[in-house]
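Just below is one structure, and these are the notes that go with it.
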Amino acid sequence: MKQSPEQQIAALRLQLAEYNYQYYVLDAPTVPDAEYDRLYRELQQLEQQHPELVSSDSPTQRVGGAPLAKFSQVQHSIPMLSLDNAFDAADFSAFVKRMRDRLDLAGEFSFCCEPKLDGLAVSIRYENGVLVQAATRGDGNTGEDITTNIRTIRAIPLKLKGDNLPPVLEVRGEVFMPLAGFAQLNEQARQQGDKVFANPRNAAAGSLRQLDPAITAKRPLMFYAYAVGLVDDPAGYLNNSCHYQRLQQLKDWGLPVCPEIRLVEGETAALAYYQDILTRRASLAYEIDGVVIKVSNLNQQQALGFVARAPRWAIAFKFPAQEMLTTLLDVDFQV
Ligand code: NMN
C-alpha cells in the first residue's frame with residue numbers, strides 16, 4: 001500500500017535522525033554520505049510540496065529564522081553551579097576525606113570520572129522529547145537564550161529517541177570545538193585574511209554567541225551531555241541509583257555523551273583515571289583542562305548537598321599548566 005506524504009515524511013525524519021545519531025553521536029555511520037544526502041533531499045522535496053507538514057523538529061529545519069537583534073534572557077530553574085578545584089593528589093584526598101567524614105562512611109565511593117572539556121556550559125530543555133530551549137550558563141542563575149544556535153549543532157538531537165521520555169528534561173553539558181574543526185576554521189580564516197581564534201574555547205564561545213544562526217551553523221561545534229537539570233519525570237525513567245547510569249540513559253535517548261567517561265571504585269582508581277587521561281591528553285580530539293570526579297551514588301550526592309555555589313560531591317581535578325606537564329608526568333601520586 002502506498003504511504004501518504006505524511007507517513008513518508010515521518011519515516012524519512014526518523015531514518016535521518018537515526019543516521020544522524022550513528023554518525024555524530026556514535027561516530028559509526030552505517031550508510032554512505034551519498035545515501036544520507038539522497039534521503040535528506042527527498043525529505044526536502046516532500047516538505048516543499050507539503051509545507052503544512054513542515055515542523056521545527058525536522059532535520060531540514062536546523063538553521064532557521066532571521067538573525068536576532070539581541071539574545072533574550074533565560075532564568076535557570078535550577079542554578080548552573082561551578083565546581084571546586086583540586087590541583088594535586090593531596091587536594092583530591094582531602095576532598096574524599098571530607099565527604100567520608102560527613103557521611104560517616106568507612107568504605108569507598110563509586111566515582112563517575114569525566115574529562116573536563118574546555119568549552120561552554122549550556123542547558124538544553126526538552127519537552128516531551130522535543131528541543132524547546134537552550135541557554136548559556138551566564139551567571140549561573142540567568143543565561144542567554146541561544147536556542148537557534150544550539151539547534152544548528154548536528155550532534156544535538158532536535159527530538160529525542162524512544163517512547164520512554166519524561167515530559168520535561170533539562171540536559172546540561174558542554175559545547176566545544178574539536179581540535180580538527182578548530183584547525184580547519186583557523187586555516188580558512190587565514191586564507192581569507194580574517195582574524196584567527198586564539199584557542200578552541202574562544203572559537204566555541206564566539207560561534208555560540210553569533211546573532212545569526214546561519215554563521216553558527218558553519219562552525220564545527222560539538223556537544224557532550226554531563227548532567228541533568230530540572231526534570232519532570234513521573235514515570236521515574238531517571239530514578240537510577242547512580243549518575244553514571246543516568247548518563248547512559250541520556251545516551252539511549254540520543255544525546256552525545258563523552259566516550260571517555262568511566263565508573264570507577266574508590267580513590268585509587270579515580271587517581272589512576274586522572275593519570276590515564278593526563279597521559280592521553282594530547283591524543284584526544286578536543287582540549288581538556290582536567291578531569292571532573294563525581295560521587296556517582298545519587299543518595300550520597302543528596303546527603304552531601306551543596307556549599308555556596310558548588311556541590312560537595314564533585315571536584316574539578318585540574319591538570320598542571322601545559323609547560324609543567326613533561327616534568328609532572330613522571331611523578332607518581334602518593335595515595
Ligand atoms: O548538514 P548535515 O545534514 O548534518 O550533513 C553534513 C554532512 O554529514 C553531509 O555530507 C552528510 O552526508 C554527512 N552525514 C552523513 C551521515 C551518514 O549517516 N552517513 C549522517 C549525517 C550526516
Side-chain angles (χ1 to χ4, degrees), residues 5 8-51 53-67 119-120 122 124 126 129-132 134 146-162 171 173-189 191 200 203-204 206-208 210-225 250-259 285-286:
Q8 277 176 286
I9 284 176
L12 279 167
R13 283 182 190 159
L14 205 63
Q15 185 64 75
L16 284 164
E18 187 58 28
Y19 287 153
N20 204 60
Y21 172 72
Q22 292 166 351
Y23 186 87
Y24 288 108
V25 180
L26 302 182
D27 209 6
T30 57
V31 289
D33 287 0
E35 173 63 3
Y36 176 90
D37 295 341
R38 188 184 67 76
L39 295 175
Y40 187 93
R41 280 194 304 272
E42 202 177 316
L43 176 62
Q44 265 181 328
Q45 278 168 8
L46 275 165
E47 287 180 344
Q48 269 160 21
Q49 289 158 13
H50 305 277
L53 297 177
V54 175
S55 68
S56 71
D57 59 7
S58 173
T60 60
Q61 305 299 305
R62 281 203 175 263
V63 189
L120 287 101
V122 299
I124 307 176
Y126 289 89
V130 177
L131 192 162
V132 294
I146 48 159
T147 312
T148 50
N149 288 344
I150 285 292
R151 286 175 55 88
T152 69
I153 302 176
R154 308 295 196 273
I156 298 178
L158 296 176
K159 198 172 178 188
L160 299 177
K161 274 155 64 90
V171 178
E174 197 90 351
V175 170
F176 61 99
M177 191 175 286
L179 287 162
F182 171 70
Q184 231 170 31
L185 185 68
N186 265 356
E187 182 50 37
Q188 224 174 27
Q191 281 173 12
S207 303
L208 257 196
Q210 292 291 330
L211 291 166
D212 183 355
I215 297 178
T216 311
K218 293 196 193 116
R219 302 286 171 83
L221 294 174
M222 178 58 190
F223 169 80
Y224 280 144
L250 294 184
K251 197 173 165 192
D252 289 346
W253 282 331
L255 289 153
V257 174
C258 176
Y286 37 81

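Only heavy atoms go into these numbers, but all of them, side chains included; no hydrogens, no water, no symmetry mates. Both ligands and their constituent atoms are indexed starting at 1 by order of listing. Given the structure is predicted, the values throughout are model-derived calculations rather than measurements.
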Ignoring angles and geometry beyond distance, decide whether T30 reaches within less than 3.5 Å of ligand 1 through its nitrogen or oxygen atoms. no
With the side chain counted from C-beta on, respond yes when L131 and D57 share a heavy-atom pair under 4.5 Å apart, and no when they do not. no
Side-chain touch R219/I215, heavy atoms, less than 4.5 angstrom: yes
Around [atom], find the nearest protein heavy atom and jot down its residue, atom name and distance.
atom: atom 22 (C) of ligand 1; value: Y36 CE2, 3.6 Å
atom: atom 9 (C) of ligand 1; value: D37 OD1, 3.7 Å
atom: atom 8 (O) of ligand 1; value: Y23 OH, 3.4 Å
atom: atom 19 (N) of ligand 1; value: V31 O, 2.9 Å

Counting each atom of ligand 1 from 1 as listed, which ones have a heavy atom of N20 under 4.0 Å away? 21 (C)
Testing L208, I146, I124 for side-chain contact (heavy atoms from CB on, under 4.5 Å) with V175, which one passes? L208
Please verify the inter-ring angle class for Y286 with F176; under 30° counts as parallel, over 60° as perpendicular, anything in between as tilted. perpendicular
Does a donor on one side chain sit under 3.5 Å from an acceptor on the other, for E187 and Q191? yes
Who's closest to atom 6 (C) of ligand 1 heavy-atom-wise, of Y19, Y21, Y24? Y24
Residue-ligand contact R154/ligand 1, heavy atom below 4.0 Å: yes
Side chain T152, main chain N149, donor-acceptor under 3.5 Å: yes
